[in-house]
Amino acid sequence: MNDQPLWLTFIFAFLIMNVLLIGMAYMTYFERKMLGAMQDRMGPTRTGPKGLLQPIADGIKLLGKEDLIPRAADKWVFFFAPLIVFVTAIVGAAVIPFGGTINAFGRDLNLYITDLNVGALFVLAFSSIGVYGIILGAWASSNRYSLLGGLRAAAQVVSYEIILGLSLVGVFMLAGSLSLRDIMLEQQTNLELGPLTVKNWFILSQPLAFILFMIAAVAETNRAPFDLPEAESELVSGFHTEYSAFRFSFYFLGEYISMIVVSLFAATLFLGGPSGPGSSDHWYLGILYILIKAIVFLFFYIWLRATLPRFRYDQLMGLAWKVLLPLVILNIVVTAAIRLASDGLLF
Amino acid sequence: MTDDLTTESPVQEETPRDPWARELFFADDVEQHPAVRELREQFGEVVVDVVRFRDETTIHVRPEYLRQVSDYLRTHEQLSFKMLIDLTALDMLRLRTAPRFDVVLQLYSIKNRVRLRLKAGVDDGQSVPSVVPVWNGANWLEREAYDMFGIVFEGHPNLRRMLLPDDWDEGFPLRKDYPLRGWKEYPSYNTERTVSRTRTRWTGRGA
Amino acid sequence: MPWEVIIFYLIAGVAILSAGGVVAARNPVHSAVLLMVCFIQIAAVFVMLGAEFLAVIQIIVYTGAILVLLLFVLMLVDPEDLPEFHTGRPVQRAIGALLGLILLLEVAAAVVTRTITGRQGSATLENIEAVGGNTEALGRQIYTEHLLAFEIVSMVLTIGILGAIVLAMPERLGVSGYRRRDTISLGHPRGTDLALPATAGAPIRATAGSKPEPAGIGRTLVMAGDPDEQPVVGGGRR
Amino acid sequence: MSSTVAQPGTDGMPVFAEDMPPTGTYTISDEVAINESERLLTLNMGPQHPSTHGVLRVVLKLEGEVILDCDPIIGYLHRGVEKLGESHRYAQVVPWTDRTDYVAAPMNNLGCVMAFEKLCGVESPERAQYWRVIMSELSRIASHLVWLGTHALDIGALSMSLYCFRERELILDVFEAFCGARLTTNMMEIGGFSRPIPDGLIPQIREFLRVFPDRQKEYDDLLTANPIWLARTKDVGVIPAETAIDYSLTGACLRGSGVNYDIRKAMPYLVYDRLEFDVPLGTKGDVYDRYLVRMEEMRQAIRIITQCVDAVERMDTPLMAYESEYVIPPHKGTMTTAEDMQRHFVWVIKGISPPVGEAYAAVEHPKGENGYYVVSDGSSIPYRFRVRSPDFVNLGVLSHLAKGAMLADVVALIGTIDIVLGSVDR
């Protein structure tokens, strides 16, 4: 870790933000193409070669639409709520490390925006603020479908945040740090398993935590089968029923960017981040690896959406509190015991 | 099912055959129909008329006894017309002088696998006892009959418009004196050209 | 003036303004939103003091959980049904102001005495650096010196949760169950008795000839070939 | 029970609207007033709502997510098919029935035509009956596919709807080859079929019969053992057998509860008594049972079609009962001989005049018993044309089922009753 001038960090942050926005646009394209492939149809084909310009056309269309505000809406909160979702989703990417410190252009560059010593918790904290955008937007719309969606979102996010946070405790114990960079570096060490030498990816030592994390992450980002706040068959569009034009697009952006950030986060925590063959020598390979890992997670999201029906509200809460919470606590206890035993402190 | 048929001892001596045999429901002589026989025995004067047409039996009953007759047919051990298939009405305006309407019930016996039609003539302004206490399924059907014909079913829990709007004030559309296009003059659309008749440049035809 | 001081005053100013707004806002949801802003400002102050862990915990616990639950309740409340806080009740307002003033004075007194005496606790910068950082120092303090207090607090919270469940349970089963039974449907013929949740149906027994075949998960379908086969006995009401 | 306060309308001769007394007054029973004082959330679901299958409107009273009261309101698609049927000649009425349940139009045609045939005393030839069975069973599969797709979509299984519509397309292709239309087929005629069967039709149907069972296995794989699907459907919307009979349910809603009533077996029409098939009956009566029953009905339909296609393949008997006076004369000579042309012309212009009487014919529609009750006064226009649509009657049980369920269950319940609003509102 080196201290680099602030302007370099700003440039890197600017780059990351733009990559995220473009990545989000093409995430929608990827999703539609993938869903199309899974459902025996083509997906977008008309706009540009193979429909590649479709996300841009969608964006322009959303900007050009009329911005409707319900008469009974609470105007300030209504304006303000989508921004919360959008901003908090993007801020989470600030602590994701895309690699270590590299030497390029004649100076030392950090491939991360900042290295907070509580980076993992930082991501969780901002995703928990993000739910305000949903709740407040739902309330401000003064629509009953929105209100029900907001209530569902509040209960769901509060419940699944616990699972999300606790499933990471095992990882923190093994890494001995809350900093994402330290966790990433820890996973680049080798693990000797008899004749086998593997990278110390935490998915190997924490498989249960990984599964729980993925379930909670899908719920936290309000995606199928946990997309109850916006369940279109019951609540029309849930919390964003009354939103249109670019206010709606902020929700849309926020949802997809938080998916990307969570995927990057999961790749960093459990799949070694940029680690992979040759990544220690070539930093660009590392970036490639972390992106591929994130895309695998994103594909998983889409796959779930194409396959599974939706949970009912009580089943969702039951799953969180009755199934996942005991499992996650079990995971913590077992990890702690093993950690203590390996340090010789237990017996 | 078959046990019932065999163990049942014959009630009437003069008919050696089983009185509940399925053929009797389709017999040419409609008086042999078990439901007709039982109703005549039980209710006497209530049965106004019995008609048989195209293998279908229709029993006309007096309207004030409609609920009792229905309940009897439903709870009868052997007849067991447990299902109300359909309830509707007929406006007999052009076919007879009085009464104006017929309430028509299509019943079905799961046990005997036969249908039966019950009819009760009502005049306009007269009400019929609702059969909702007998079959819950009659709820919506009676509401529809009220909506379409204006027949009031006495004792219906929720008699209001069903298919037509709640504030419909033009009467009852399935009555024979109701014209096909309704009483009111509605603005007719697409009769006047809203676009000028100038030929368009592209097609050469009038717009 | 150094940048840090400017930023601090900015954050502190916003925090105080939003805290004032919490009290002044007429709509409870607006109050909650301003409280959220205030919490985030306080978290930012923590970050400036080098206590990142506290800042993040402040956000996760207070902003992300407690305030969300508060909002959850507020959203369901019609603002017009709330008691009016802004008018009347001069005694209460006076007492409230007095209590607030006393609290403020207490905090001021603590700060002032600490500044005058110049005494410092054990959590100096050097000590924290020696342990390895704020987070580690906090962890060590909690899990070694104050372990008993920590455990007692967690027990109290657990009891609180249990108490909440116990308080909520009878409501759920008793009153709302009673209510559910008592409502009458517009579309429902005879209301109360049939509005009860459907109980087990008529006994279904397969008569001879039909073939119950396993279908789905834990279910069988009776494949009836004969129309006279009637697995269901009874039917109708009463 | 509160007494009714609704007033009957005026009688006699035409009166204009302003003279009419106010009708349609609400009969709100006293108990309903409770709901006003309760602090409940009233949610108006529909008529524009993604999962009310058209324009059904359901007014829900919610306490949190639990439904305390449910009031289905229909009529947004009411086109007065019964009134229209009373103002057209017999042969002209048949196309109106397409527009009632438009996802299984051949079945509606069949019921209507059977009622007319019963009234006239016409019987269609054997070969036509076989073809009618084939077409009605195909439309049963098509209807169940639409049901499965939309029901699964309501519960959140996104891909199912696309898979189901993919297979439905094959059936619609068969319809198109058979009669030229895909949705509003107007397929059946009084007395049989007047047009010849196209050459390639039987291979096309055989291809469908070959493909479909494998495709149905895919649906099974996606849903039948899916834990979320089970959680959403098992023990939801339980209808005990007694309640099902009490509410006059028919079709899969009745058979899912275990009552053995299938018109094809109970009162066989067409050639169903010669065909071998089973009627699946559920044991619990919940949403999952009805799902299983309908899935099994599709398999049985495949079985029936296979038998019929085998039987009809070598058959070369006529398709139309031309000997009857109620049947449209053959097209064959209309272009060449004056006599044939006149006969055809007169039949088309004058229509048929069945004997005075009434007839009720019902078919086992995919959604239940689709009955047609026709009264003739001897003229060429039906005196009364009553459509007993199955989903209208089945929908009556919704408010009973929805009580105490959760909001998400309502869409499952609407889906499991299997409604098409064109048929509910008529």
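Reminder, nothing fancy here: chain letters follow the sequence lines and each chain counts from 1.
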Residues of residues 418-426 of chain D within contact distance of chain B, non-hydrogen under 4.5 Å: V424(D), D425(D), R426(D)
F53(B) and L119(D): CA distance, side-chain angles, deciding distance, side-chain contact (heavy atoms from CB on, under 4.5 Å) verdict: CA-CA 9 Å; F53(B) 182 72; L119(D) 194 61; 4.0 Å; yes
Chain B contact via E369(D) - side chain, backbone, both or neither, heavy atoms under 4.5 Å: side chain
Region of V356(D) that comes under 4.5 Å of a non-hydrogen atom in chain B: backbone
Part of L164(B) within contact of chain D (heavy atom distance under 4.5 Å): side chain
Atom group of Y178(B) that falls short of 4.5 Å from chain D, counting heavy atoms: both
Residue pair [X] / [Y]: nearest heavy atoms and the distance that separates them:
{"X": "T88(B)", "Y": "Y373(D)", "result": "CG2-CD2, 4.2 Å"}
{"X": "R113(B)", "Y": "A266(D)", "result": "NH1-O, 2.7 Å"}
{"X": "A359(D)", "Y": "R117(B)", "result": "C-NH2, 4.0 Å"}

K83(D) side-chain N/O to R175(B) backbone N/O, donor-acceptor pair under 3.5 Å: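 Answer holds: yes.
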Donor-acceptor under 3.5 Å (Y383(D) side chain, D91(B) main chain): yes
Find the distance between [atom1] ([X]) and [atom2] ([Y]) and round it off to the nearest 0.5 Å.
{"X": "D377(D)", "Y": "M92(B)", "atom1": "CG", "atom2": "CE", "result": "9.5 Å"}
{"X": "E242(D)", "Y": "K82(B)", "atom1": "CD", "atom2": "NZ", "result": "8.5 Å"}
{"X": "E358(D)", "Y": "T58(B)", "atom1": "CD", "atom2": "OG1", "result": "4.5 Å"}
{"X": "L87(B)", "Y": "S248(D)", "atom1": "CG", "atom2": "OG", "result": "9.0 Å"}
{"X": "L95(B)", "Y": "R384(D)", "atom1": "CG", "atom2": "CZ", "result": "12.5 Å"}

Steps toward side-chain contact (heavy atoms from CB on, under 4.5 Å) verdict (Y247(D), N139(B)): CA-CA 9 Å; Y247(D) 274 90; N139(B) 186 348; over 6 Å; no
Proximity of residues 44-51 of chain B to chain D, residues having a non-hydrogen atom under 4.5 angstrom: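 Those residues of residues 44-51 of chain B which would need a heavy atom under 4.5 Å from chain D do not exist here.
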Side chain to side chain contact (heavy atoms under 4.5 Å, CB included) partner of I245(D), the single match among I110(B), N136(B), L84(B):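 Exactly one pass, corresponding to I110(B).
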Whether over 12 other heavy atoms sit under 6.0 Å from Y76(D) OH: yes
Test log, rule side-chain contact (heavy atoms from CB on, under 4.5 Å), inputs L90(B) and R386(D): CA-CA 9 Å; L90(B) 269 177; R386(D) 159 75 179 167; over 6 Å; no
Residue, of M162(B), Q106(B), M148(B), that accumulates the most heavy atom pairs under 4.5 Å with chain D: Q106(B)
Salt bridge present between E86(D) and R94(B) (N-O < 4.0 angstrom): no
Residues R160(B) and D71(D) bridged, charged N to O under 4.0 Å: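 Salt bridge between R160(B) and D71(D), a charged N being under 4.0 Å from a carboxylate O: yes.
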Contacts of R96(B) that satisfy salt bridge (Lys or Arg N to Asp or Glu O under 4.0 Å) - sequence neighbours left out: D102(B)
Side chain to side chain donor-acceptor pair (under 3.5 Å) partners for T100(D), two or more places apart: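 So T100(D) forms a side chain to side chain donor-acceptor pair (under 3.5 Å) with N108(D).
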Audit row: L254(D), M83(B), side-chain contact (heavy atoms from CB on, under 4.5 Å) steps and yes/no: CA-CA 11 Å; L254(D) 183 68; M83(B) 275 189 86; 4.1 Å; yes
Option that, when pairs with chain B are counted at under 4.5 Å, heavy atom only, ranks first among G80(D), G121(D), G371(D):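 Sorted descending by pairs with chain B, the first entry is G121(D).
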